[in-house]
Amino acid sequence: GDSVTQTEGQVALSEEDFLTIHCNYSASGYPTLFWYVQYPGEGPQLLFRASRDKEKGSSRGFEATYDKGTTSFHLRKASVQESDSAVYYCALRASSSFSKLVFGQGTSLSVVP
Amino acid sequence: GGIITQTPKFLIGQEGQKLTLKCQQNFNHDTMYWYRQDSGKGLRLIYYSITENDLQKGDLSEGYDASREKKSSFSLTVTSAQKNEMAVFLCASHGQNNQAPLFGEGTRLSVL
């Protein structure tokens with residue numbers, strides 16, 4: 001079945017560090033890919049999404065590029081802030097399946113001043 | 001603006017008890033979901049519904065029932081709570097299929 005793999009379970013950085021969270025997927029065709037962010041006590045909220053190969057999604061300084069060749073959608077930010085501390089989820093919606101959204105395991109980001 | 005409301009925010013149950021979680025949305029969305037969130041395991045789909053009175057099982061449906069009697073509401077029942085169970089249950093919804101789901105704030109379950 002369709003799946004999403006996030007390599008990092010936890011990431012600890014200092015402010016102004018560069019962030020990469022790896023996301024690889026397995027699905028046929030061209031799934032839509034998403035990044036969500038979840039702050040403590042809240043539900044996940046959409047950062048951005050991408051639907052086509054080489055499409056770049058971006059929001060709040062975060063960005064990711066859809067790469068069908070490597071089946072990846074890695075999240076990057078050039079300079080993290082303490083306020084970016086949260087859990088980040090990569091997700092996909094398969095092109096062949098109605099509605100169902102599949103999530104990765106999540107990556108907990110902690111940024112210290 | 002619209003909102004997804006989950007009740008209760010916190011739920012404490014006893015082993016073997018039947019527990020019901022509720023979700024209401026005022027976006028007039030067709031599709032609604034229930035996800036379970038456990039630390040280190042991400043979000044796992046329990047049930048979803050693409051319209052009123054429709055129910056579709058997710059990967060984690062065993063031990064749960066769901067109900068979608070109105071377009072705006074989607075309920076989840078834990079049929080027999082497991083001792084020491086702790087999880088967050090998240091409700092989500094979207095309109096057209098290409099929209100990104102919006103999430104509620106979750107119901108935090110603890111079973112004694």
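Lettering of chains follows the sequences in order, A, B, ..., and the numbering in each one begins at 1.
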Q: Write out all pairs satisfying side-chain hydrogen bond (donor to acceptor under 3.5 Å, both in side chains) with one or both partners inside residues 14-26 of chain A, taking only residues at least two apart or from two chains.
A: A/Glu8-A/His22
Q: Could you check which of B/Gln56, B/Lys9, B/Gln37, B/Gln6 has the highest count of heavy-atom pairs closer than 4.5 Å to chain A?
A: B/Gln37
Q: Flag the one option from A/Ser51, A/Gly41, A/Ala91, A/Gly104 with the top tally of heavy-atom pairs under 4.5 Å to chain B.
A: A/Gly41
Q) Between B/Leu43 and chain A, which part of the residue has a heavy atom less than 4.5 Å away: side chain, backbone, both or neither? A) both
Q | Parallel, tilted or perpendicular: ring planes of B/His29 versus B/Phe27, cut at 30 and 60 degrees | A | parallel
Q. Checking heavy atoms, do the side chain of B/Arg108, its backbone, both or neither come under 4.5 Å from chain A?
A. side chain
Q: Go through the steps to decide whether B/Lys71 and B/Asp30 satisfy the test salt bridge (charged side-chain N to carboxylate O under 4.0 Å, His left out), and finish with yes or no.
A: CA-CA 7 Å; B/Lys71 187 176 182 179; B/Asp30 289 311; 3.2 Å; yes
Q. For the atom pair CG (A/Leu75) and OH (A/Tyr88), what is the distance rounded to the nearest 0.5 Å?
A. 7.5 Å
Q: With sequence neighbours excluded, tell me which residues meet salt bridge (Lys or Arg N to Asp or Glu O under 4.0 Å) with B/Asp59.
A: A/Lys100
Q) Can you say whether A/Gln38 sits under 4.5 Å from chain B via the side chain, the backbone, both, or neither, judging by heavy atoms? A) side chain
